[in-house]
Amino acid sequence: MPASASSALVNVAEDAELRLVRLLADSAHSTRAGFVQDCEACILHGDAAQLMRTILEEKGAISALVSLEEEAVSAVSLLAALLDRVKERKKLKKKKKIWYFFFS
């Protein structure tokens, strides 16, 4: 895949994550003051695990997620994709540790 196509894919994913965060914040009855900014920082740093923790710890965002109608499937699908990224990153770290153990 050309580098520009990869960059475009990353931009699309980041945009989808930002839209999800804003949708949850706008749909929630209340969220803490720094919720959106904290999520944006996670997205900026590519930290899917922390993004998931930030969303899941926000009761207002979870209530909003459950109450979404048309957007619910897309929102849950995006959260599932984030979980997959966290899982893959953990697998990669484990492989690196094994490689380092045997070849260092």
So, do R32 and D38 sit near enough that their side-chain heavy atoms are less than 4.5 Å apart? yes
Side chains of L79 and L56, heavy atoms from C-beta outward: is any pair under 4.5 Å? no
Side chain proximity check, L23 to L65, heavy atoms < 4.5 angstrom: no
Are I62 and E58 side-chain neighbours, meaning at least one heavy-atom pair lies under 4.5 Å? no
Heavy-atom closest pair (T31 atom, A25 atom, distance to 0.1 Å) is CG2-CA, 4.2 Å
If we only count heavy atoms from C-beta on, is the T54 to Q50 side-chain gap below 4.5 Å? yes
Find the distance between CD1 (I43) and CG (L18) and round it off to the nearest 0.5 Å. 4.0 Å
Ignoring hydrogens, what is the shortest heavy-atom contact between A28 and A61? Give both atom names and the distance. CB-N, 4.2 Å
Quick one: side chain to side chain donor-acceptor pair (under 3.5 Å) partners of S27, sequence neighbours excluded? none
Residues L24 and L68: closest non-hydrogen pair is CD2-CD1, 4.3 Å
Compare all side-chain heavy atoms of E40 with those of V21 and state whether any distance is below 4.5 angstrom. no
Return the SG to CG distance between C42 and L82, rounded to the nearest 0.5 Å. 10.0 Å
Ion pair present between R22 and E17, side-chain N to carboxylate O less than 4.0 angstrom? no
